[in-house]
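Working notes for the structure below.
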Amino acid sequence: MKKTAIAQKEDAKLKRRINTVKLNSLLEITQAINDNLKVHQLLKIFQNVLINELQIGKMVLFINENGWRIVLKHGIKNEFEEIKVETDLLRFKEISDVKVISSSTSLQSFDVVIPVFHKAEPLAYLLIGDIDENKLEMSASVKHLPFIQTLSNIIVVAIENKKLAKDNLRQEGVKKEMELASDMQTMLFPSTLPNNEHIQTAALYQPHHKVGGDYYDFITLNDNEYAFCMADVSGKGISAALLMANFQANLRALFRYSRSLTEIVTELNRLVIENAKGEKFITLFVARYNKITRTLNYINAGHNPAVVVTPNYALPLTLGCIGIGMLDEIPKIREGIKIILPGSLIVSYTDGVTEQENRAGEQFGLKNLINTVQHHINEPVDQINETIVNALNAFRNGEPYADDVTLLTNRVL
């Protein structure tokens with residue numbers, strides 16, 4: 001039976017709430033790690049997310065601290081007492097359904113085992129399950145599995161870092177954290193970009209550090225409209241990546257329910273202020289393009305101006321406002337409107353491109369970017385991005401990169 005429109009709307013509302021909970025939880029845990037909270041405080045946050053927010057019925061967490069011990073348990077009686085990590089859990093190398101794979105009676109009261117490894121060494125095992133095993137809907141422990149795995153990795157790695165006494169071991173722990181954050185950041189970028197008779201799009205992302213603060217997105221809104229953006233969060237590292245993850249989720253949600261870029265930017269500013277507490281801000285170029293009217297609406301919120309490039313001219317898109325999260329309320333927002341001619345390129349980028357310096361201290365600049373694009377304007381869009389990076393490399397002449405390099409190029413046909 002098909003769901004009613006009201007039921008579908010409620011499902012979408014619930015999904016948005018859960019996504020917001022997940023992203024805010026990641027931000028909270030990362031902040032707790034940065035604040036160097038004690039292990040029991042980190043575990044309390046972890047348990048609260050799983051039990052109270054995701055409605056996981058029961059759980060037990062084993063961690064290797066010069067021997068396996070239980071550091072967290074909830075919703076269980078005496079089942080965990082018979083579990084022996086060495087005989088029952090060490091054979092699990094990846095997420096597994098313990099009811100299907102294991103015949104051990106001590107594990108049958110759980111649904112899933114999530115192992116956490118550093119290289120080939122097991123650090124922890126998380127067992128989760130539901131109290132009511134007769135429910136018809138999908139188990140919460142299965143529904144939220146990828147997120148729980150990410151959260152488990154972050155928590156366990158943070159605890160592992162606290163155990164490291166020597167600097168080299170401590171750096172290995174930091175590296176593991178960065179790898180996890182890098183994986184999460186990569187998931188933010190769109191997996192596919194359009195290449196059709198109306199628009200051709202290609203992106204290039206080259207982080208300066210393992211985890212950068214740049215973000216781009218491309219969203220198909222309906223049969224006739226696309227939205228795309230380029231953003232840069234102040235600061236780098238894990239906290240910047242997590243703030244950007246929250247930002248992406250909110251941006252996509254707002255585009256589904258508002259046609260006004262001004263309203264979207266205003267709401268994004270409120271959410272960033274709420275989440276970042278004024279400690280970080282985000283510069284943003286965001287646009288909506290209608291392929292029927294060939295109209296591009298855009299707002300440049302303190303970001304490097306995207307530029308419309310043709311063989312004969314280049315037009316920087318400068319109208320907008322201050323950056324997102326700089327002030328509690330944005331004083332004034334100006335929305336730009338342009339008609340895009342067939343064959344035009346719209347090139348968005350971050351300051352790692354135009355502000356890259358050579359050995360003489362000169363910046364690559366917007367003029368060099370435009371000249372490079374115009375000289376190669378008939379090439380495929382992915383090749384244009386590569387050509388820009390090649391020109392940037394020749395310009396810096398061995399000078400190290402100072403920032404992330406991110407490009408999003410659209411050819412409007």
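Note that this is a predicted model, so its numbers are computed, not measured. Values reported hereafter were calculated over all heavy atoms of this structure, with side chains retained and with hydrogens, waters and symmetry mates removed.
Judged by distance alone, the side chains of His376 and Glu379 do bring a donor and an acceptor atom under 3.5 Å apart. A donor atom on one side chain and an acceptor atom on the other are not found under 3.5 Å apart for Thr295 and Asn290. Counting only N and O atoms by type, the side chains of Glu329 and Asn269 include no donor and acceptor under 3.5 Å apart. Inspection of the Gln31 and Asp35 side chains reveals an N or O donor paired with an N or O acceptor under 3.5 Å. Residues Thr406 and Gln206 have side chains that never bring a donor and an acceptor to within less than 3.5 angstrom of each other.
Counting only heavy atoms from C-beta outward, the side chains of Ile346 and Leu408 never approach each other to under 4.5 Å. Contact of the Phe247 side chain with the Ile324 side chain is registered, since non-hydrogen atoms from C-beta on lie closer than 4.5 Å. With contacts defined as side-chain heavy-atom distances shorter than 4.5 Å, the pair Phe228/Arg288 does not qualify. Inter-residue side-chain proximity for Leu151 and Phe46 is flagged as met; some heavy-atom pair is nearer than 4.5 Å.
Interatomic distance, CZ of Arg259 versus CD1 of Ile264, reported as 10.0 Å (0.5 Å rounding). Separation of atoms OG1 (Thr262) and NZ (Lys332) is listed at 11.5 Å; rounding is to 0.5 Å.
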Exercise for the section: Output, in order, the C-alpha distance, side-chain angles, deciding distance and verdict of side-chain hydrogen bond (donor to acceptor under 3.5 Å, both in side chains) for Thr283 and Asp232. Expected result: CA-CA 5 Å; Thr283 64; Asp232 188 359; 4.9 Å; no

Practice task
Check the pair Asp217 / Arg252 against salt bridge (charged side-chain N to carboxylate O under 4.0 Å, His left out), numbers first and verdict last.
Solution key: CA-CA 9 Å; Asp217 210 345; Arg252 282 179 164 251; 2.7 Å; yes

Handout entry: CA sep, side-chain torsions, deciding dist, call: Phe218, Ile199, side-chain contact (heavy atoms from CB on, under 4.5 Å)
Key = CA-CA 12 Å; Phe218 190 102; Ile199 193 167; 4.1 Å; yes

Exercise for the section: Give the intermediate values and the outcome of side-chain contact (heavy atoms from CB on, under 4.5 Å) for residues Val353 and Val389. Expected result: CA-CA 8 Å; Val353 178; Val389 172; over 6 Å; no

Handout entry: From CA spacing to verdict: side-chain hydrogen bond (donor to acceptor under 3.5 Å, both in side chains), Gln149, Asn153
Key = CA-CA 6 Å; Gln149 181 188 28; Asn153 274 274; 5.4 Å; no

Handout entry: Check against side-chain contact (heavy atoms from CB on, under 4.5 Å), Cys229 and Leu251
Key = CA-CA 10 Å; Cys229 74; Leu251 175 69; 3.5 Å; yes

Handout entry: Pair Asn297-Glu335, side-chain hydrogen bond (donor to acceptor under 3.5 Å, both in side chains): steps then yes or no
Key = CA-CA 7 Å; Asn297 294 72; Glu335 185 171 328; 3.2 Å; yes

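Applying the side-chain hydrogen bond (donor to acceptor under 3.5 Å, both in side chains) test to residues at least two apart or on different chains, none of the pairs has a partner in residues 309-318.
Aromatic ring pairs are classed by plane angle as parallel below 30°, tilted from 30° to 60° and perpendicular above 60°; the pair Tyr125 and Phe117 is perpendicular.
The side chain to side chain donor-acceptor pair (under 3.5 Å) test applied to Asn390 returns no partner, not counting sequence neighbours. For Arg270, the salt bridge (Lys or Arg N to Asp or Glu O under 4.0 Å) partners two or more places apart in sequence, or in a different chain, are Glu267, Glu274.
Nearest heavy atom pair, residue Asn304 against residue Thr350, reads OD1-C, 3.9 Å. Considering every non-hydrogen atom in both Gly129 and Asp111, the closest pair reads CA-OD2, 3.3 Å. Residues Cys321 and Ile299 come closest through the heavy atom pair SG-CG2, 4.2 Å. Closest approach of Val113 and Pro115 over heavy atoms only: O-CD, 3.6 Å. Between Val307 and Ala314, the shortest heavy-atom distance links the atoms CG2-CB, 4.0 Å.
Remark: Arg396 qualifies as a cation-pi partner of Tyr401 under the 6.0 Å distance and 45° angle criteria applied to the six-membered ring.
The number of heavy-atom neighbours closer than 6.0 Å to NZ of Lys338, taken from other residues, nucleotides and ligands shown, is 12 or below. In the displayed structure, His198 atom NE2 is contacted under 6.0 Å by more than 12 heavy atoms of other residues, nucleotides or ligands.
Tested against Thr201, the residues Asn410, Asn195, Asp382, Thr192 include a single side chain to side chain donor-acceptor pair (under 3.5 Å) partner, Asn410.
Proximity of the aromatic rings of Phe285 and Tyr298 is defined here by a centroid distance below 6.0 angstrom, and this criterion is met. Note: Phe189 and Tyr216 meet the aromatic proximity criterion, with ring centroids under 6.0 Å apart.
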